[in-house]
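A short worksheet on the structure shown next.
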Amino acid sequence: MNEAHVPGAPRPFQGRGIVVGVDGSDQSMCALVWAAHEAERRQTPLHVVTAYTVPVFAASSMDAGYATVDDSVIREGAQAVLDQAIGKIAGHHSLDIVPRVESGDAAGVLLELSEEAELMVVGSRGRGGFVGRLLGSVSSALPAHSKCPTVVVPLFCAPRLDEAGVSAPKPKGEPCPRAEEVEKVVVVGVDGSEQARMASLMAAEQAEARRLPLRVVCSLPPFTGSLAWMPTPVDRDALHAEIMVQLNAGKAWLQSHFPQLEITVELLDGPPVEVLIEESRRAELVVLGTRGRGGFAGMLLGSTSQGVLHHAKGPVLVVPDREDPRLADREKFGPMAA
């Protein structure tokens, strides 16, 4: 149900809810369709947000100082963008849609809302203009600093969203998998870090909620000249075997908390960014931590997360740092990365 919006007084969150940022771009419309489908699946309110800033410019006369554009004019433009977005999904979903026009920098507005939301959703990049930068800089800043999990939805995956009841904008160029071609699996990238273990727990929750299997993926980058300082040659087979022992121990730990969930582990050769981008092409959802380690299998996340987020072919869920009591018993199940 879509309730009336009172300008200047957004309704408070009800049951926390999902927040999606829109700016009128195809990328944000694609994110909106994904968020609507997810909100309907969870039966939680969907807060559709656009943000605007009032520009300040120098007047031609020194005596005039600085002047600002009329706030009401810019707000009306932002409201028009929001109304267009709401019209895209209204009537196609059984959910509570809460429109919100907010004044302020887009990244700052969404970060503040993330303190109460259960999930943030944004496009991989957006447009400049009066509604700010949803996305581009926002898709970089929000996952790294959000207080709740964030999903970044690329335009590439628009064809698979037709099942949501609304046709998302179609990207140009490379053919995109449709819904029936998407592998029904949740993938999580791990690297032995605490952040990756938290991401694994969230990925398992997502897989269980969707009644899908979970695939735990770790990548082993090719050795380069940067390892020339090592005193002895690296035994890749031995390293591979060692990592698999750790991955299987992690699987046993996850299985103890999700006994009914189908879980598989894979160790793949290749740079972490390339491996995860390829996984995102057909996976239902890819899950990552906010940052990881250097060390035995690359960096999830930090630079790796940025590379994956900006080039992913499907939705990517980024899990923020958080405390979870289930992390305490991980070491009981076998070797952990040093």
Side-chain angles (χ1 to χ4, degrees), residues 30-31 33-35 37-38 40-42 119 121 124 143 149-154 156-164 168 174-192 195-220 243-244 246-289 292 297-298 300-301 304-305 307-309 311-319:
C30 184
V33 172
W34 190 93
H37 184 55
E38 182 67 9
E40 186 172 44
R41 186 184 68 81
R42 298 188 184 199
L119 184 71
V121 182
S124 56
T150 300
V151 174
V152 177
V153 183
F156 182 89
C157 72
R160 70 168 75 173
L161 300 179
D162 287 348
E163 65 177 2
E174 185 180 0
C176 313
R178 299 193 61 82
E180 60 271 16
E181 299 172 319
V182 174
E183 184 180 1
K184 298 301 182 181
V185 64
V186 173
V187 172
V188 59
V190 300
D191 66 351
Q195 289 77 17
R197 283 188 280 275
M198 288 189 291
S200 297
L201 290 169
M202 174 63 73
E205 291 172 0
Q206 293 297 311
E208 191 168 69
R210 289 171 166 79
R211 299 181 179 179
L212 298 177
L214 174 66
R215 183 161 69 233
V216 181
V217 173
C218 182
S219 67
L220 187 60
I243 296 173
M244 282 304 302
Q246 295 168 2
L247 287 174
N248 285 321
K251 174 186 174 181
W253 166 67
L254 274 177
Q255 201 79 73
S256 72
H257 293 288
F258 300 89
Q260 304 303 317
L261 183 61
E262 179 185 340
I263 304 174
T264 59
V265 295
E266 290 187 24
L267 178 57
L268 304 175
D269 288 322
V273 172
E274 294 180 11
V275 166
L276 291 170
I277 289 173
E278 187 58 32
E279 288 289 329
S280 73
R281 184 180 297 275
R282 295 187 182 278
E284 184 84 7
L285 184 69
V286 170
V287 183
L288 305 173
L300 285 174
L301 253 23
T304 297
S305 64
V308 174
L309 289 177
H311 299 285
K313 305 302 183 182
V316 177
L317 172 63
V318 181
V319 182

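The first residue of the sequence shown is numbered 1, and numbering continues consecutively from there. Worth saying up front: this structure is predicted, and the values here are computed from it rather than measured. All values below come from the heavy atoms of this structure, side chains included, with hydrogens, waters and symmetry mates left out.
The main-chain N or O of V265 is never found under 3.5 Å from a side-chain atom of R215 such that the two would form a donor-acceptor pair. Of the possible donor and acceptor atoms, none in the side chain of Q206 sits under 3.5 Å from a partner among the backbone N and O of A209.
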Stepwise, does the salt bridge (charged side-chain N to carboxylate O under 4.0 Å, His left out) test hold for R210 with E38?
CA-CA 10 Å; R210 289 171 166 79; E38 182 67 9; 2.8 Å; yes
Show your working on side chain to side chain contact (heavy atoms under 4.5 Å, CB included) between L317 and V287 and close with a plain yes or no.
CA-CA 5 Å; L317 172 63; V287 183; 4.1 Å; yes
Verify side chain to side chain contact (heavy atoms under 4.5 Å, CB included) between V188 and V186, making sure each step is shown before the conclusion.
CA-CA 7 Å; V188 59; V186 173; 5.8 Å; no
One pair to check against side chain to side chain contact (heavy atoms under 4.5 Å, CB included): L119 and V151. What are the steps and the verdict?
CA-CA 7 Å; L119 184 71; V151 174; 3.8 Å; yes
With side chain to side chain contact (heavy atoms under 4.5 Å, CB included) as the test, would you mind laying out the steps for V308 and S280 before giving the verdict?
CA-CA 9 Å; V308 174; S280 73; 5.8 Å; no
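In this structure, the side chains of V187 and L285 stay at 4.5 Å or more apart for every pair of heavy atoms. For the pair L247/V190, a side-chain contact is recorded, criterion being any heavy-atom separation below 4.5 Å from C-beta on. Proximity of V217 to E279: side-chain heavy atoms (C-beta onward) are separated by under 4.5 Å at one or more points. At least one side-chain heavy atom of L220 sits less than 4.5 Å from a side-chain heavy atom of L267.
Listed here is the closest heavy atom pair of L261 and Q255: O-NE2, 2.6 Å. Scanning all heavy atoms of the two residues, the minimum distance from S219 to G270 falls at CB-O, 3.5 Å. Nearest heavy atoms, C218 versus I243: SG-CG2, 4.2 Å. Residues K313 and F156 come closest through the heavy atom pair O-CD2, 3.2 Å. Residues A207 and L214 approach most closely at CB-CB, 4.1 Å, considering heavy atoms. Across all non-hydrogen atoms, the minimal contact from L254 to L201 is CD2-CD2, 4.0 Å.
Atom NE2 of H311 and atom CG of L276 lie 13.0 Å apart (nearest 0.5 Å). Between the CD atom of Q260 and the CZ atom of R211 there is a distance of 12.5 Å, given to the nearest 0.5 Å. Taken from CZ in F258 to CD in E205, the straight-line distance is 4.5 Å, to the nearest 0.5 Å. To the nearest 0.5 Å, atom CE of residue M202 and atom CG of residue L288 are 12.5 Å apart. Interatomic distance, CG of L268 versus CD of E274, reported as 12.5 Å (0.5 Å rounding).
The pair E183-R281 does not count as a salt bridge, with every side-chain nitrogen at least 4.0 angstrom from each carboxylate oxygen. Residues K184 and E284 are paired through a salt bridge, judged by an N-O separation under 4.0 Å between the basic side chain and the carboxylate.
Heavy atoms from other residues, nucleotides or ligands lying under 6.0 Å from CD of E266 number more than 12.
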